[in-house]
Amino acid sequence: MKEKKFDILMLFQLIFAVLVMLIGICGKITENYNLLPLMLILISIMLLIMGLRVYKRNQSLLWGIFLLCISLYILFVAVKGIMVN
């Protein structure tokens, strides 16, 4: 049976996921969506980390590049949202 190792990228991914959930819940409860660009930036970083983990674990360059492209697109949308406001 293969043992799963807990690495530092998994820890960062978990931290960013919890932060995204907290910001999303806080925004939904207070109906204040000013933190949405920050949430998108955190999602972008989380997807970047997921892409690194997939590439590191499986050596799957296709999924790593796919997640990297999604991450960069979300980061672009978040920065554009900040610039508009």
Side-chain angles (χ1 to χ4, degrees):
M1 184 175 224
K2 193 171 183 180
E3 194 176 309
K4 290 186 179 182
K5 291 186 348 186
F6 189 80
D7 58 347
I8 192 74
L9 289 177
M10 184 183 294
L11 178 67
F12 283 135
Q13 181 182 345
L14 184 66
I15 289 170
F16 284 116
V18 169
L19 286 174
V20 166
M21 285 192 320
L22 288 175
I23 291 173
I25 291 170
C26 180
K28 187 66 177 171
I29 290 173
T30 62
E31 294 183 3
N32 183 5
Y33 299 109
N34 292 335
L35 293 178
L36 186 63
L38 175 65
M39 188 172 77
L40 287 176
I41 290 171
L42 292 175
I43 288 173
S44 170
I45 294 170
M46 187 177 69
L47 283 174
L48 178 66
I49 292 171
M50 285 173 63
L52 289 173
R53 283 187 62 220
V54 166
Y55 177 71
K56 183 179 168 186
R57 184 178 52 216
N58 297 340
Q59 297 294 323
S60 175
L61 187 61
L62 179 66
W63 280 108
I65 290 176
F66 180 68
L67 287 170
L68 175 68
C69 291
I70 292 173
S71 171
L72 291 175
Y73 177 72
I74 292 174
L75 184 64
F76 172 74
V77 169
V79 170
K80 191 171 180 179
I82 291 171
M83 298 284 239
V84 168
N85 290 337

Closest approach of A78 to P37 (non-hydrogen atoms, all atoms of both residues): CB-O, 3.7 Å
Within one Ile-Leu-Val-Met-Phe-Trp-Tyr cluster: I8 and M10, side-chain cutoff 4.5 Å: yes
Cluster check M46, L11: I/L/V/M/F/W/Y, side chain < 4.5 angstrom: yes
Inter-residue atom distance I15.CD1 - L42.CG, 0.5 Å rounding: 11.5 Å
Co-membership, hydrophobic cluster, residues V20 and L48, 4.5 Å side-chain: no
Over all atoms of both residues, closest heavy-atom pair of L40 and I74: O-CG2, 3.3 Å
I82 side, atom CD1; L38 side, atom CG - distance, nearest 0.5 Å: 7.5 Å
Mutual orientation of the aromatic rings belonging to F66 and W63 [parallel < 30°, tilted 30-60°, perpendicular > 60°]: perpendicular
Rounded distance (nearest 0.5 Å) linking atom CD of Q13 with atom CG of L47: 8.5 Å
Connected via hydrophobic side-chain network under 4.5 Å: F16 and L68: no
Euclidean distance, L19 CG relative to I41 CD1, rounded to 0.5 Å: 13.0 Å
Spacing of CD1 belonging to I45 relative to CZ belonging to F12, to within rounding of 0.5 Å: 11.0 Å
Reported CG-to-CG distance for the pair L14 and L9, which is rounded to 0.5 angstrom: 12.5 Å
Atom OH of Y33: over 12 foreign heavy atoms under 6.0 Å: yes
Linked, directly or transitively: Y55 and I49 (ILVMFWY side chains, under 4.5 Å): no
